[in-house]
Engineer: 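Here it is, the structure, as structure tokens.
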Amino acid sequence: MFSARKEKNQTLSPYLTRPGAWAFSIGTSIGWGSFVVTCSTYLSQAGIAGACLGLLLGMAVILVINHNLCYMMGRVSDAGGIYTYGRRVQGCDAGFLVAWLLLLTYMAVLWANVSSLPLFARRFLGTVFEFGYCYTVFGYDVYLGEALLSIAAIILIGLLCMRSRRAPQYLMIALALIFTGTVAICAVCALVGHESGGFSYDPAFIPEKNEFEQTLRIAVISPWAFIGFENVTHFSEEFAFPAKKIRGVMVASVLLTTAFYILMTLLSASAYPARYDNWLAYIGDMNNLSGIEAIPAFYAASRYMGGAGVTILMLALLSVILTSLIGNLTAISRLFFAFGRDHDWLGGLGSLNRYGIPGRAILVAVILSCLIPFLGRTAIGWIVDVTTLGATIIYGFQSLFVFHDARLNGHRREKYTGAFGVALMVGFGVLLLAPKLLSYEAMEAESYLLFVVWSFVGLVVFRIVVSRDRENQYGHSIIVWIVLLLLMLMTIMMWENREVQLITEESIGEIEQFYQRRFENGAAAAEDVSAFLSGQSERISGANSMGTLFTFVLFISAVVLMMNNFMAARRREAMLESELGDAMRIGLTDSLTGVKNKNAYLQWEKKINRQIESGEEEPFAVVVCDLNNLKKVNDKFGHKTGDECIRRACAHICGVYDHSPVFRYGGDEFVILLLGEDYANREHLLKRVMEPPRGDAPETDISIAAGMCEYQKGQAKTLSNVFEKADEAMYRQKNRMHSELDQKNRPTKRAYIAR
């Protein structure tokens with residue numbers, strides 16, 4: 001199992017129970033969209049049967065992803081979930097890529113549910129918060145009162161999550177039980193009273209469309225339906241139960257989430273106003289309705305249960321909004337915390353407050369979210385559309401990490417599930433990115449554009465991370481640049497295609513209206529027709545040109561960023577190599593004499609031993625030198641003078657052996673590895689090295705005792721054997737010199753050569 005290096009004050013303590021983990025998982029995967037998308041997407045694009053079958057197929061896919069997630073949590077038990085796992089398995093670059101995708105996906109879901117509070121108020125409280133009109137964004141009126149409602153909600157939830165861990169857990173459990181129970185009650189009532197109410201579930205699929213494509217469409221967007229169920233991976237450091245128990249919790253979450261969406265689909269199609277022939281006509285006209293009728297699930301609840309049904313579903317809707325806010329905000333804070341713990345320059349983002357909670361991380365998420373209510377609900381809807389693709393990519397990379405980890409560790413089953421998960425997500429990604437590949441539009445044009453901006457900003461942020469990297473952790477692979485650049489190019493091409501397509505469709509509509517007016521009002525002049533058609537042609541051509549120019553500018557900007565990052569990485573590597581070289585030189589050099597030290601000798605010893613073992617050694621000999629009279633000099637004149645004697649002797653030795661490495665092996669002991677020319681002249685040089693170097697005064701003169709041993713192939717197995725014989729020869733020579741000095745009171749020049 002992988003482990004993280006964590007300081008004691010940066011470690012999250014266990015508190016999350018299994019019911020709490022279940023509540024966070026299901027509460028985050030189900031939000032406001034579950035009451036809307038079941039109609040606007042599921043029923044309108046696949047019908048009842050297609051939606052239910054697609055959800056079941058998507059559930060099977062998510063269960064594969066869930067298996068990979070549980071394997072991941074068994075390997076990594078730290079905050080950060082997929083980010084931390086990717087960082088450990090594939091490196092920091094892959095970790096950043098996943099963190100960036102996770103962050104914006106979670107933030108988009110959080111923002112969507114924050115901005116849904118004004119919609120809730122408009123539907124059920126009327127105009128209470130519609131005061132202080134600000135402006136209109138993409139057809140959505142922004143009011144100060146509604147913005148303050150959203151901001152107040154996110155601040156209150158932020159304060160709750162910053163000051164307590166158990167209170168949000170208990171609240172999540174209660175809210176999850178409320179919305180699952182209330183929806184089940186309403187759905188059962190609808191199923192029981194459906195036939196007696198005179199309603200029909202026909203048609204099962206959308207007429208005149210391929211049934212398989214309808215089902216596949218719903219399965220492809222299953223990552224959107226389930227995104228957030230994996231948020232408990234960010235809490236694995238805080239589990240108060242064995243990590244292996246999480247598998248059952250997450251399987252239960254996936255099954256209940258699927259059941260919730262299916263029940264909401266059936267509930268929404270179970271009743272419709274009398275003026276409509278069937279549920280399909282009702283759903284198709286939903287955008288033109290208001291009040292309870294504008295939300296089919298609430299209309300059905302009111303038909304079967306009256307006002308009590310509406311009240312129950314209101315409670316359920318409010319519960320899913322709150323659980324999504326709490327769950328996503330908490331998951332984002334753990335992601336921020338894990339990233340901040342790995343990067344000290346983020347200003348304490350990885351620190352804990354006095355409650356043991358990453359308060360600064362929560363605060364950052366709250367501040368970012370407080371700006372969103374002023375953007376309007378329409379723009380947020382586009383961001384949520386992007387989360388489908390973001391979740392697909394995240395699950396794909398997570399499966400890739402599992403495949404890589406399992407393959408290296410011999411875990412056969414997870415190797416296959418990892419590969420299968422990657423293949424599924426690649427297929428889903430292709431279907432999402434390619435418009436009309438299955439005769440439907442995967443995403444809106446604005447969603448493609450938002451993903452372009454998302455990818456480009458990711459490149460900019462990664463450049464900042466690389467520039468702040470002082471430990472040389474980032475920039476070792478090109479995965480971030482390649483993935484984000486490819487995503488940016490693919491989505492910008494899809495955006496351009498969709499934008500030109502929309503303008504073309506508008507032009508065709510205007511041309512049809514023009515000719516209709518022409519036939520109604522009489523023939524128009526030929527030049528008027530020509531001018532009108534030329535104007536439409538220029539409009540389409542201009543849109544195409546603008547799209548091409550935008551693509552070119554963005555691509556060049558991304559390439560400049562890549563080149564800038566590449567040059568910065570090269571400069572950093574050169575600097576690190578220089579610093580490493582300086583450190584190695586310092587570590588291998590004797591500070592007093594400037595020659596190599598004992599550490600350097602040990603490195604040479606390993607090298608020569610390998611050569612001896614492989615039979616590739618060249619002829620060499622070892623000379624060991626020791627200074628005589630140094631202790632007397634130190635005692636009489638001090639160590640400063642003694643050091644000067646050592647330097648003078650070292651210079652003399654280097655002057656004699658100028659073709660071989662010289663090592664200061666000890667205080668006054670030197671070792672020379674005789675190579676090449678010095679080895680050829682070894683006997684002559686041995687006599688020269690024992691010629692005493694003269695000082696400024698006779699009292700500071702020292703002599704050198706030297707012993708030599710030649711390497712004989714087959715007799716010595718290591719350099720150490722040769723060194724020991726040379727050292728013995730040096731001591732014999734040293735004793736002889738002392739003896740002769742006592743007799744003649746002068747140093748000797750004779751040498752003893754070991755054979």
Side-chain angles (χ1 to χ4, degrees), residues 27-28 30-37 40 103-162 168 171 175 224 227-228 287 290 294-295 314 317-333 335-336 359-387 390 444 446-447 449-451 453-454 457:
T28 312
I30 298 175
W32 165 273
S34 61
F35 284 77
V36 178
V37 174
S40 63
L103 173 62
L104 290 189
T105 302
Y106 284 171
M107 290 298 287
V109 177
L110 175 64
W111 295 341
N113 282 277
V114 167
S115 63
S116 69
L117 286 171
L119 294 181
F120 182 91
R122 288 186 184 187
R123 298 288 187 186
F124 304 108
L125 301 178
T127 60
V128 174
F129 292 96
E130 291 185 11
F131 61 85
Y133 171 78
C134 298
Y135 41 75
T136 299
V137 182
F138 301 110
Y140 183 89
D141 295 333
V142 177
Y143 292 93
L144 179 62
E146 293 180 339
L148 293 177
L149 171 65
S150 298
I151 293 172
I154 195 65
I155 289 177
L156 288 175
I157 291 174
L159 290 174
L160 175 66
C161 294
M162 290 171 65
L171 183 58
L175 293 173
W224 176 89
I227 184 65
N287 292 332
S290 60
I295 310 178
M314 282 180 59
L317 179 55
L318 185 60
S319 297
V320 299
I321 294 174
L322 292 177
T323 55
S324 186
L325 291 179
I326 296 172
N328 279 291
L329 183 64
T330 310
I332 290 168
S333 71
L335 178 61
F336 274 149
R360 293 187 182 182
I362 295 175
L363 180 61
V364 170
V366 169
I367 292 174
L368 292 175
S369 301
C370 286
L371 304 175
I372 296 305
F374 296 98
L375 296 181
R377 175 68 186 183
T378 306
I380 298 302
W382 298 334
I383 293 176
V384 173
D385 199 6
V386 173
T387 61
E444 296 296 327
E446 294 84 359
S447 299
L449 184 58
L450 283 173
F451 209 92
V453 175
W454 180 348
V457 174

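Please read these numbers as outputs of a predicted model, since none were measured by experiment. FYI, the numbering just counts along the sequence from 1.
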Engineer: Show the nearest heavy-atom pair for residues F374 and Y135, with the distance to one decimal.
Structural biologist: O-OH, 2.6 Å
Engineer: State, with a plain yes or no, whether a side-chain heavy atom of P118 is found less than 4.5 Å away from one of P373.
Structural biologist: no
Engineer: Atom CD1 of I321 and atom OG of S34: how far apart are they, to the nearest 0.5 Å?
Structural biologist: 9.0 Å
Engineer: Can you measure from OG (S150) to CG (L325) and round to the nearest 0.5 angstrom?
Structural biologist: 9.0 Å
Engineer: Would you say that L368 contacts L110 through its side chain, given a criterion of any heavy-atom pair below 4.5 Å between the two side chains?
Structural biologist: no
Engineer: How long is the straight-line distance from OG1 of T323 back to CG of N328, given to the nearest 0.5 Å?
Structural biologist: 9.0 Å
Engineer: So do F336 and I362 actually touch side chain to side chain, heavy atoms under 4.5 Å?
Structural biologist: no
Engineer: Closest heavy-atom contact between V366 and I154?
Structural biologist: CG2-O, 4.0 Å
Engineer: Using 0.5 Å steps for rounding, measure from the CD1 atom of I157 to the OG1 atom of T330.
Structural biologist: 9.0 Å
Engineer: Check whether any side-chain heavy atom of V320 lies under 4.5 Å from a side-chain heavy atom of F35, and answer yes or no.
Structural biologist: yes
Engineer: Is the closest side-chain heavy-atom distance between L317 and W32 below 4.5 Å?
Structural biologist: yes
Engineer: Determine the minimum heavy-atom distance between T28 and G228, stating which atoms define it.
Structural biologist: CB-O, 3.6 Å
Engineer: When you compare the side chain of M107 with that of S369, does any pair of heavy atoms fall below 4.5 Å?
Structural biologist: yes
Engineer: Could you measure the distance from the CG atom of L159 to the CD1 atom of I155? Nearest 0.5 Å is fine.
Structural biologist: 7.5 Å
Engineer: So, for I30 and S324, which heavy atoms are closest and what is the spacing to 0.1 Å?
Structural biologist: O-CB, 4.2 Å
Engineer: Kindly say whether A361 contributes a backbone atom to a donor-acceptor pair with the side chain of S333 at under 3.5 angstrom?
Structural biologist: no
Engineer: Which pair of heavy atoms, one from L329 and one from G158, lies closest together, and at what distance?
Structural biologist: CD2-CA, 3.7 Å
Engineer: Heavy-atom distance under 4.5 Å between the side chains of L149 and Y143, does that happen here?
Structural biologist: no
Engineer: Between G31 and N113, what is the shortest heavy-atom contact and its length?
Structural biologist: CA-OD1, 3.7 Å
Engineer: Heavy atoms, side chains only, cut-off 4.5 Å: are F124 and I295 in contact?
Structural biologist: yes
